[in-house]
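Everything on this sheet refers to the single structure shown next.
Worth knowing before you read on, the calculation uses all heavy atoms, side chains too, and leaves out hydrogens, waters and symmetry mates.
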Amino acid sequence: MIRVRDLHSWPSTEAEAIAVQERLRPLVRQTGLDRAPATAAGLDVAYVGDDGALVAAVTVLDVTTLTVLDSAVVHATTSFPYVPGLFAFREAPALLRALERLRVTPNVLVCDGQGLAHPRRFGLACHLGVLTDLPSIGVGKNSLGPYDPPGRERGEWTPLRLDGEVVGRALRTRPGVKPVFVSVGHRVDVESACALVLRLTPRYRLPETTRTADRLGRAG
DNA sequence: GCGACAG
DNA sequence: ATCTTGTCGC
């Protein structure tokens, strides 16, 4: 089963949150995946109306058949506001609780957001990866920085830069459709991350993992 | 100071 | 993220 490492308490101010990110950043590892992952987890959060009520959903898929092997849902309330760069402090607590409820431990976490493609190189994917010590990757629908459009064909990509540093890739998963933004979360290399994303996108722009998690979250 | 800014 | 119908295209 998945165990969450108690590396820090959850801050309530932006300054504390930034301090946590800078303290955990050195723990990120980019070592390549030993072998192609057989299972992958999709994580997503749905917001329900007024306050900070949300639903964290996680699904575990067989990478070959794209069949859902396991899933978990957690209803919670966030107090941390949405601040670009501090996204994890809003969604990670509930997502971690959902991960702890899984009966099947996935080989890799596919997060809905950025990994190293983050202002302090510690996006949601890095945070979840380090706290669970599981391989993880970030697949964002939008980029935090500018990027050159990759070729029109599926599989083509361009380097994603931030502050002049390569932090990920803008990857085309569907011909002529807006690319997704892939970056390393923990214990994976960019090449393996993109290969996995392509396996998870035989039909749609977004990985099947995030699609199933998204649907589960909306269903409640 | 002003605008931009993962979900 | 979320509010939202029809419509254009494969």
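At least one cation-pi condition fails for A/R161 and A/Y147: the charged atom is not both under 6.0 angstrom from the six-membered ring centre and inside a 45 degree cone around its axis.
Listed by chain and number, the residues in a side-chain contact (heavy atoms from CB on, under 4.5 Å) with A/T13 are A/A15, A/E16 (sequence neighbours excluded).
Counting only N and O atoms by type, the side chains of A/Y47 and A/E91 include a donor and acceptor under 3.5 Å apart. If you check the side chains of A/T212 and A/T59, you find a donor sitting under 3.5 Å from an acceptor.
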Contact pattern, 5' to 3', of nucleotides 2-7 of chain B - B, S or - by protein heavy atom under 4.0 Å: ---BBB

Mark up nucleotides 4-10 of chain C, 5' to 3', with B wherever a protein heavy atom is under 4.0 angstrom from a base atom, S wherever such an atom reaches only the sugar-phosphate, and - elsewhere. -------

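For A/H127 and A/F87, the distance between ring centers is not under 6.0 angstrom.
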Audit row: A/R169, A/E156, salt bridge (Lys or Arg N to Asp or Glu O under 4.0 Å) steps and yes/no: CA-CA 10 Å; A/R169 295 178 180 179; A/E156 297 203 75; over 6 Å; no

After noting the C-alpha distance and the side-chain angles of A/M1 and A/L102, does the key distance pass the side chain to side chain contact (heavy atoms under 4.5 Å, CB included) rule? CA-CA 7 Å; A/M1 65 179 280; A/L102 292 177; over 6 Å; no

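In terms of heavy atoms, A/D133 sits closest to A/R5 at OD1-NH2, 3.8 Å. Of all the heavy atoms in A/L162 and A/A117, the pair that sits closest is CD2-C, 3.8 Å. The shortest heavy-atom contact between A/A92 and A/W10 is CB-CH2, 3.7 Å.
The pair A/R211-A/D44 does not count as a salt bridge, with every side-chain nitrogen at least 4.0 angstrom from each carboxylate oxygen.
For the segment residues 182-205 of chain A, no residue has any heavy atom less than 4.0 angstrom from an atom of DNA chain B.
None of A/N107, A/V108, A/L196 except one satisfies the side-chain contact (heavy atoms from CB on, under 4.5 Å) rule with A/V63; the exception is A/L196.
With pairs defined as Watson-Crick or G-U wobble and both atom distances under 3.5 Å, not a single stem of at least three pairs touches DNA chain C.
A donor-acceptor contact shorter than 3.5 Å is absent between the side chain of A/S136 and the backbone of A/L109. Side-chain N or O atoms of A/S192 include none that pairs as donor or acceptor with a backbone N or O of A/V188 at under 3.5 Å. Remark: side-chain polar atoms of A/R3 are not paired, donor with acceptor, to backbone N or O of A/T132 under 3.5 angstrom.
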DNA chain B in dot-bracket form (Watson-Crick or G-U pairs under 3.5 Å, [ ] crossing, | inter-strand) is .......

